[in-house]
Amino acid sequence: MRYWLFKSEPSAWSWQMQQKAGAKGTFWSGVRNHLAKQNLSAMRSGDLGFFYHSNDGKDVVGIVEVIREAYPDPTAEAGEPWVVVDVKAAKPMPKPVTLAMVKAEPKLAKMSLITSARLSVQPVTEAEWNIICKMGGLKP
DNA sequence: GCCAACGTTGGC
DNA sequence: GCCAACGTTGGC
């Protein structure tokens, strides 16, 4: 089981929209970065990810579960290498964890969210996962 | 709205 | 293969 972080601008795709998509979930499209693509490819069914609102909010607002592993991005041009995974909303954060809270926690200083701010799909370590769940009011 | 970080493109 | 120019992301 691995952990991830998905970034989205709420104006493009918000947590509320993800929740409305329900148990069937949706594909996570639009990744056009090779490192992010590698991360998508490494995901397995059942992996969990934080849903992070960039720009507007700047907070972890929920948890999604990977329900289908990487396959070609339906929104990509023919011949392009991009992939998507399907995710569904698993549970909301009782208390959203803001970027400011992450930055204020020394144990999270090495998170990709801080060190690779522009990467849209990031790995999260188990230790980081547990800390943020706790900050968000979830039992580990 | 600005700007830093960073990835990509294209000229050489 | 280098690197300057340019575009995009995302925090402030």
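Chain identifiers are assigned alphabetically (A, B, ...) following the order of the sequence lines, protein sequences preceding nucleic acid strands; residue numbering begins at 1 within each chain.
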Quick one: A:Phe6 CZ to C:dT9 C1', roughly how many Å, whole number?
-> 19 Å
Apply side-chain contact (heavy atoms from CB on, under 4.5 Å) to A:Glu69 and A:Arg44, showing your working.
-> CA-CA 6 Å; A:Glu69 297 176 9; A:Arg44 295 296 170 255; 3.4 Å; yes
Any A:Tyr52 side-chain N or O less than 4.0 Å from OP1/OP2 of C:dG11 | yes
Quick one: is C:dG10 close enough that its OP1 or OP2 comes under 4.0 Å of any side-chain N or O from A:Lys7?
-> yes
Rounded to whole angstroms, how far apart are CH2 on A:Trp13 and P on C:dT9?
-> 19 Å
Can you spot which of A:Phe50, A:Phe51, A:Trp28, A:Tyr52 makes a ring-ring contact (aromatic ring centres under 6.0 Å, His included) with A:Phe6?
-> A:Trp28
Taking C:dG10, B:dT8, C:dC12 as options, the one with an atom nearest any side-chain atom of A:His34 is B:dT8
Write down the distance between CG (A:Asp56) and P (C:dC12), rounded to a whole number of angstrom.
-> 14 Å
In terms of side-chain heavy atoms of A:Ser120, which of C:dG10, C:dG11, B:dT8 is nearest?
-> C:dG10
Take atom CG of A:Asn55 and atom P of C:dT8, then tell me their distance rounded to the nearest Å.
-> 15 Å
Euclidean distance, atom CZ of residue A:Arg118 to atom C1' of B:dG7 [Å, nearest integer] | 6 Å
May I ask you to evaluate whether A:Lys103 reaches the phosphate of C:dC12, defined as a side-chain N or O under 4.0 Å from OP1 or OP2?
-> yes
Are the aromatic rings of A:Trp13 and A:His53 close, with centres under 6.0 Å apart?
-> no
Whole Å only: how far is the CG atom of A:Asp59 from the C1' atom of C:dG11?
-> 13 Å
Calculate the interatomic distance between A:Arg32 atom CZ and C:dG7 atom C1'; express it in whole Å.
-> 16 Å
Could you check how far CG of A:Leu5 sits from C1' of C:dG10, rounded to whole Å?
-> 14 Å
Under 3.5 Å, is there a donor-acceptor pair between the A:Asp47 and A:Trp4 side chains?
-> yes
